[in-house]
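Each chain gets a letter, A, B and so on, in the order the sequences are listed, and its residues count up from 1.
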Amino acid sequence: MSAHHGPSKGFMRWVLTTNHKDIGTMYLWFSFAMFILGGAFAMIIRAELFQPGLQIVEPDFFNQMTTMHGLVMVFGAIMPSFVGLANWMIPMMIGAPDMALPRMNNLSFWLLPPTFALLASTLFMDGGAPNFGWTFYAPLSTTYAPDTVTYFIFGVHLLGLSSIMGSINIIATVVNLRAPGMTYMKMPMFVWTWLITAFLLIAVMPVLAGAVTMMLMDIHFGTSFFSAAGGGDPVLFQHVFWFFGHPEVYIIILPAFGVVSQIIPTFARKPLFGYDSMVYATASIAFLSFIVWAHHMYTVGMPITGELFFMYATMLIAVPTGVKVFNWITTMWKGSMTFETPMLFCIGFVFLFTIGGFTGVMLSLAPVDFQYHDSYFVVAHFHYVMVAGAVFSMSAAVYYWLPKWTGKMYSENMGKAHFWISFFGFNLTFFPQHFLGLAGMPRRIPDYALQFTDFNTMSSIGAFIYGASQILFLFNVVKTVVSGEPTSEEKTWDGAEGLEWTLPTPAPYHTFSTPPDVK
Amino acid sequence: MANTTTERSITYTVTKLAVVAVAMFAFVFVVMVPLYNVLCDVLGINGKTSGERYQVVESSVDIGREIRVQFVTTNNEGMPWVFHPTESVLKVNPGAVNSTVFYAKNPLAKAMVAQAIPSVAPIRAADYFHKTECFCFNQQPLAAGAETDMPLQFIVDQDLPADIKTITLSYTLFDVTAMAASQGAVATR
């Protein structure tokens, strides 16, 4: 077989492939499918909350929906989408022929579909799907859990395995396969953020695996890690979970930072402002993420010194994050800006993520957090950083690199419509939730007091609009792939910099078989 | 695609990272869990009192100060026993040894084993509440229909912060029959 063979034909191409572009494509499509599934769960939640009272679903099923929505979106949609992007872009950005471990790459991906099939199948089992929230606090997830919790535990183990293998692969690629001359401080920001993210994943996915292993032992093997009756402590669960959970939120957002740092310079037609400080800020955020976990649990009865430590450490994160936001704004300052779809999503990202960051600073204050804790204010906060952060930047990334991937141009009008509709829908959904939370509406409830009706109705209408705009996104991408206007320009965007834009368009199946020379 | 040197360095990177992943998994069990328990024990946080018998140190009784000690009992969900303190409040002097009993009855027609879990409020008082004898140190088996008085002996430390005037000791009673059976430790009397 020649070294430059193309993809083999048929379905087995996708099962057996070790090509980073094929695997990246599969990750992206899989994560989009999960995005639709998790979105469907969200639509059920918002339909139930459209007006007070119980109209559509039973409370237990509602709890299953909030749980599955969170799990599917975090582990099925956002994380795999960025892994897919890493697979596609990292080798092309550092001048490598493929990922360092192509076969393991295949396995990392193919663990995911069976895992989510398993998780989704619990919806049809006796006792229903997991209903204890995506944070699965003990004893809800141990003593009071439905029997399907065992499937959930097995699923989390598989997800952890997949993520760890994926991360090892990314680090091995970045460390060993950079083209000659591509020093660490010349790497594109997206590669930097992913390198740091991969280290975070390797450090905390095993902790998550440990947490679910302890649950498994408590449920089936008579141990009492989280059971007070046997000398354990349910609060221990929260500490272990959030020791994983806080780095996890940066695992989700750091690659998004990387994407935005690639796209804004392109459309501002200026190099990224403060590249070095971006790298150091990313590393600082990663370090700080390990020492702030207990800000998720101010109300468990920590000693005051503990509350103070976690409060100050959390507020400190605003510093490197602020460095990043100011760098993006400074990059745009006096640039020759144009507003194509990827840029619109990035500007939307900077604007909305900053709002989410500010509410984060509010939540970091232990005394006021006692009011906000477990209220809709928290829901609004983390959707501002997860949706307007991760999902907006992911949409930007798809529009930005789609012409390079497919050799076809998407519809700019439809892209812009997608942005404006989702921007409007997103804010209509989540902005009122701030007020609901401040007024005292708790999260994860299927019914609410009458005075919350107006804001909830607005929020539900916004959610339906936001959901519908994603169908437009899907349509635009499919139309591009099927019948988009062909383009063969190497540089789709005239301000774009980086090795991936030196390749032909569409990117050939094998690229950089001989490493490029980086000046 | 990659030459031998690159392949060797990839293997090296992968091995190192795999070791880190395994080490982090072990870290949960070897470091996090024991460290949490030790910290709670040493700092007296989470209102946990020591699970060990307190070794009495000779000390004088501070008769000038009186502390209210309240007793609260709760049955964990599904626990059918009758369980309550015989005295709901004691007024005690710091340094003095006090004792009281808790009443428990198993109303069911089968033998059961229970475990009481203590908690002290305010949390800051946990370090100053010493138990020299407590039914919570052991599991409590009761035959069908049997009842018992369970002893508690305690000393409130003289170093108790001055602003604490009332201490609440709460016990939650858990049904551990299944757990005790699996450990082969069911003894009925």
Inset, instruction - Evaluate the ring planes of Phe226(A) and Phe237(A), with Trp represented by its six-membered ring, and classify them as parallel (under 30°), tilted (30 to 60°) or perpendicular (over 60°). - result: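 Taking Phe237(A) first and then Phe226(A), their aromatic rings stand perpendicular (interplane angle over 60°).
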[Y] side chain reached by [X] side chain, heavy atoms, under 4.5 Å:
| X | Y | result |
| --- | --- | --- |
| Leu499(A) | Ile94(A) | no |
| Val69(B) | Phe154(B) | yes |
| Thr172(B) | Ser119(B) | no |
| Val240(A) | Phe225(A) | no |

Legend entry - Phe221(A) versus chain B, the contacting section by heavy-atom distance below 4.5 Å: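 No part of Phe221(A) comes within 4.5 Å of chain B.
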Legend entry - Under 4.5 Å from any heavy atom of chain B - which part of Ile164(A):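 Ile164(A) touches chain B through side-chain heavy atoms alone.
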Legend entry - Interface residues of residues 14-23 of chain B facing chain A - non-hydrogen atoms under 4.5 Å apart: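 The list, in residue order, reads Val14(B), Leu17(B), Ala18(B), Val20(B), Ala21(B).
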Inset, instruction - Could you tell me which of Val33(B), Thr5(B), Val176(B) has the largest number of non-hydrogen atom pairs under 4.5 Å with chain A? - result: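 That would be Val33(B).
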Legend entry - Phe287(A) atom CZ, neighbour heavy-atom count above 12 within 6.0 Å: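 No, the 6.0 Å shell around CZ holds no more than 12 heavy atoms from other groups.
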Legend entry - Phe27(B) CZ: over 12 foreign heavy atoms closer than 6.0 Å: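 Check passes, neighbour count above 12.
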Legend entry - Any side-chain donor near an acceptor of the partner, Lys21(A) and Thr511(A), under 3.5 Å: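 Present: a donor and an acceptor within the cut-off.
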Legend entry - Closest-packed option against chain B by number of heavy-atom pairs under 4.5 Å, given Thr143(A), Asn176(A), Asn169(A):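 Ranked by heavy-atom pairs under 4.5 Å with chain B, first place is Asn176(A).
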